[in-house]
Amino acid sequence: MELPFAESWKIKMVEPIRKSTKEQREQWLKEAHYNVFQLKSEQVYIDLLTDSGTGAMSQEQWAAMMLGDESYAGATSFYKFESTIKRIFGLDYVIPTHQGRAAENVLFSYLVKEGNVIPGNAHFDTTKGHIESRHAFAIDVTIPEANDTQLELPFKGNVSIELLKKVLEENKGNVPFFVLTVTNNTKGGQPVSMQNIKETCEVCHSYNVPVVMDSARFAENAYFIKTREEGYKEKTIKEIVKEMYSYVDAATMSCKKDAIVNMGGFIAMRNKEWYEGCKLFCIPFEGYVTYGGLNGRDLNAIAVGLDENTEFDMLETRIKQVEYLAKKLDEYGIPYQRPAGGHAIFVDADRVLDQIPKEEFPGQTLTCELYLEAGIRACEIGYMLADRDPVTRENRFGGMDLLRLCIPRRVYTNNHMDVIAAALKNVYDRRHEIKRGVAIEWEAPLMRHFTVQLKRLG
Ligand code: F0G
């Protein structure tokens, strides 16, 4: 008999989690203004809010933490961090930052000017926020097929070369860089193919536009290239990563994802001029350039995490768990962004709650219902997250409205996946009883989903 698939690690330390009653959850959610970001973590049974900073570190990472050099300048931890990044990504100039958005803040402070256009394959919300807060414009040029959740494409995170050329042609001289996000989080954790990375960079470079890789889930993207793209089956993840970055000019990274640490980020680049420019913003915002808002021990843990998570077994364990959950949802007929993405399952809330109008935020409503059902905290990646158009101030209802079940790395078992699927099935089975959605009572002008206050209608 063929042996079944199993995790490439075993568990050494555990943390208890607690169930609650439906009455408690009703009360807690009301106090949280129907926004799960406002819940206390102890009010949550299974936490799928994000895979960011929520992973379990390895014994090697914990051991490396004990060897952190906490010197203010020139710490050995920085040099370990820097040499690991140079070796894995092939980018020579490295600046640590306290997380991904801090890397964006430093780099964009240097590069983005009012009125600029920055195209990308669905910018993440902090990326979009850092562009729009500088009165510049983020334009999405992801392939339009990505918006059809039921279409099965191997690389649904790809850039539309046609749309890209159009934007570059119309905005000549006004595009400081392109943001290439791997995997494409906003469109469902969908990967970008090597061929598309290469072509995107060629087109951008022909217009003298540099490419910045938003790298949060770069290793998961490399896994999909290895398993789905012709010509990469025999290559190691590290070889694939090296090739991905050989085409781009710079990278911003949230180490909280694919470096499997609780906090950290960096900017890495090829161009010394950019490096000098970024240093000027790193020092006042993040700290001196050899620590950038991080402890020496954090830099050590990142270096080990980057090496470990660019190995196939680690990534296979991870992606297979997401696939396991997807298969359960298939069994129950629950629609999600197909095929299953790298870090999460994105349930198509518009389809599940098709009786609820956009104006009542189906994704946000489904998030509340799943929490009420079983204490599972997922996250809306939809109309709430999309914010308002900066010019018209209208809600942006043009994209998808999804419920993201985001799976932390090395944290939950497949038994937890069974509970998540069963809870979602229960909500799905009673979906027609959910007649009304939610309405906004208070919202921030930008990145409103973190703090928005809602009321339940009906
Ligand atoms: N880029 C992408 C693609 C991201 O998904 C994130 C964060 C960031 C940049 C910013 O990094 O959080 O370290 O400042 N995504 C998290 C999420 C928060 O839940 O998807 P950060």
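Every value quoted in this text rests on a predicted model; they were computed, and no experiment measured them. Both counts, for ligands and for their atoms, begin at 1 and track the order of listing.
In terms of the side-chain hydrogen bond (donor to acceptor under 3.5 Å, both in side chains) criterion, residue partners of Asp330 (sequence neighbours excluded) are, by chain and number, Tyr336, Arg338.
In this structure, Lys242 is not positioned above the aromatic face of Phe89 in the sense of NZ or CZ being under 6.0 Å from the six-membered ring centre and within 45° of the axis.
Taking the centre of each ring, Phe218 and Tyr223 stay at or above the 6.0 Å mark. Ring centers of Tyr72 and Tyr291: under 6.0 Å apart, within the cut-off.
Protein residues lining ligand 1, listed by chain and number: Thr50, Ser52, Gln99, Gly100, Arg101, Glu104, Phe124, Thr126, Thr181, Asn185, Asp214, Ala216, Arg217, Ser254, Lys256, Lys257, Arg404 [non-hydrogen atoms, distance under 4.0 Å].
Heavy atoms of other residues, nucleotides or ligands lying less than 6.0 angstrom from NZ of Lys279 number more than 12.
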**Prompt:** Stepwise, does the salt bridge (Lys or Arg N to Asp or Glu O under 4.0 Å) test hold for Lys238 with Glu311?
**Reply:** CA-CA 7 Å; Lys238 285 195 167 65; Glu311 290 299 326; 2.9 Å; yes
